[in-house]
Amino acid sequence: MAPRPPTAAPQESVTFKDVSVDFTQEEWYHVDPAQRSLYRDVMLENYSHLVSLGYQVSKPEVIFKLEQGEEPWISEGEIQRPFYPGFVCLLPLSLPSGSKGKRRQKLPRKNPE
C-alpha cells in the first residue's frame with residue numbers, strides 16, 4: 001500500500017498585520033538609514049505579495065507613508081504588540097516631557113524564579 005500524503009491542517013488567512021512591523025517615533029529614531037531602506041523595501045514587497053494573493057482591504061497608512069517617502073512611525077497608543085514573557089525592551093516606554101528622543105534607556109530584566 002502506498003503511503004498517504006499528510007493531511008493539511010486548515011490554514012488561516014494572512015493579514016497585513018501578520019507581516020508588518022510598526023515603529024514609534026522614538027524607535028524610528030534609532031533605526032539607521034540602511035535599515036530604514038530595507039524596512040521600506042520589505043514592507044512594500046510584503047504588501048504587494050498580499051495584494052497579488054487577493055488581499056482586499058484598504059491600503060494601510062504605513063504603506064501610503066512609505067510610498068510618499070514619509071517616515072512611517074505611528075503614535076505609541078496605536079501600536080498593538082503581543083506580550084512575550086522574558087522580553088527585554090531597550091527603548092523607553094515613554095519619553096520624558098521635553099525630551100527630543102536622544103537618550104536610550106535599558107529597562108531592568110526580571111530574574112526568572
Side-chain angles (χ1 to χ4, degrees):
M1 180 185 240
R4 298 178 70 189
T7 306
Q11 295 180 352
E12 293 183 31
S13 297
V14 175
T15 67
F16 183 71
K17 285 187 178 219
D18 293 331
V19 296
S20 68
V21 176
D22 296 319
F23 290 95
T24 63
Q25 184 177 14
E26 172 70 10
E27 292 167 333
W28 189 249
Y29 172 82
H30 294 286
V31 178
D32 70 44
Q35 292 170 324
R36 289 179 182 197
S37 178
L38 178 61
Y39 171 83
R40 179 186 181 280
D41 293 345
V42 169
M43 290 289 283
L44 293 173
E45 184 176 13
N46 283 348
Y47 182 73
S48 171
H49 289 308
L50 286 172
V51 169
S52 73
L53 294 171
Y55 181 73
Q56 297 179 355
V57 296
S58 58
K59 188 181 287 190
E61 183 178 349
V62 67
I63 296 300
F64 278 116
K65 287 180 176 182
L66 290 169
E67 289 174 338
Q68 299 300 315
E70 297 176 19
E71 293 188 343
W73 57 267
I74 62 175
S75 69
E76 284 189 41
E78 295 177 79
I79 291 185
Q80 297 176 0
R81 294 200 171 119
F83 173 74
Y84 296 107
F87 176 74
V88 177
C89 179
L90 298 177
L91 300 174
L93 298 178
S94 63
L95 294 174
S97 61
S99 172
K100 298 290 183 197
K102 296 189 180 184
R103 291 184 289 156
R104 279 185 111 167
Q105 175 182 349
K106 189 170 182 178
L107 299 178
R109 182 184 293 225
K110 284 186 176 180
N111 292 330
E113 297 178 27

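The structure presented is a predicted model; accordingly, all values stated were derived computationally and were not measured. What you see below is based on every heavy atom in this structure, not just the backbone, and it leaves out hydrogens, waters and symmetry mates.
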Look at the aromatic rings of Tyr39 and Phe23 and report parallel, tilted or perpendicular, splitting at 30° and 60°.
perpendicular
Would a single hydrophobic cluster contain both Leu38 and Val31, if residues Ile, Leu, Val, Met, Phe, Trp and Tyr are joined by side-chain heavy-atom contacts under 4.5 Å?
no
Under the side-chain contact (heavy atoms from CB on, under 4.5 Å) rule, what do Ile74 and Val62 come out as? Steps first, then yes or no, please.
CA-CA 8 Å; Ile74 62 175; Val62 67; 5.8 Å; no
What's the spacing between His30 NE2 and Thr24 OG1 if we round to 0.5 Å?
8.5 Å
Write down the atom of Ile63, the atom of Tyr47, and the distance for their closest heavy-atom approach.
CD1-CB, 3.7 Å
Does Arg40 reach the main-chain N or O of Gln35 with its side chain, forming a donor-acceptor pair under 3.5 Å?
no
Minimal non-hydrogen separation, Asp18 against Ser13, with atom names:
OD2-O, 3.9 Å
Might you point out which heavy atoms bring Val14 and Val19 nearest each other, and give the distance in Å?
CG1-CG1, 4.0 Å
When you group the ILVMFWY residues by side-chain heavy-atom contacts below 4.5 Å and let the links chain together, are Val42 and Trp73 in the same group?
no
Contacts of Glu61 that satisfy side chain to side chain contact (heavy atoms under 4.5 Å, CB included) - sequence neighbours left out:
Lys65
How long is the span from the CG atom in Asp22 to the OG atom in Ser75, to the nearest 0.5 Å?
10.0 Å
Would you name the heavy atoms of Tyr29 and Arg36 that are closest together and state the gap between them?
CA-NH2, 3.8 Å
Are Tyr55 and Val57 close enough, and set up right, to give a side-chain contact (heavy atoms from CB on, under 4.5 Å), and what steps lead you there?
CA-CA 6 Å; Tyr55 181 73; Val57 296; 3.2 Å; yes
Does the ring of Phe64 carry Lys59 above it, NZ/CZ under 6.0 angstrom from centre and within 45° of its axis?
yes
Shortest non-hydrogen contact between Met43 and Phe16, atoms and distance:
CE-CZ, 3.7 Å
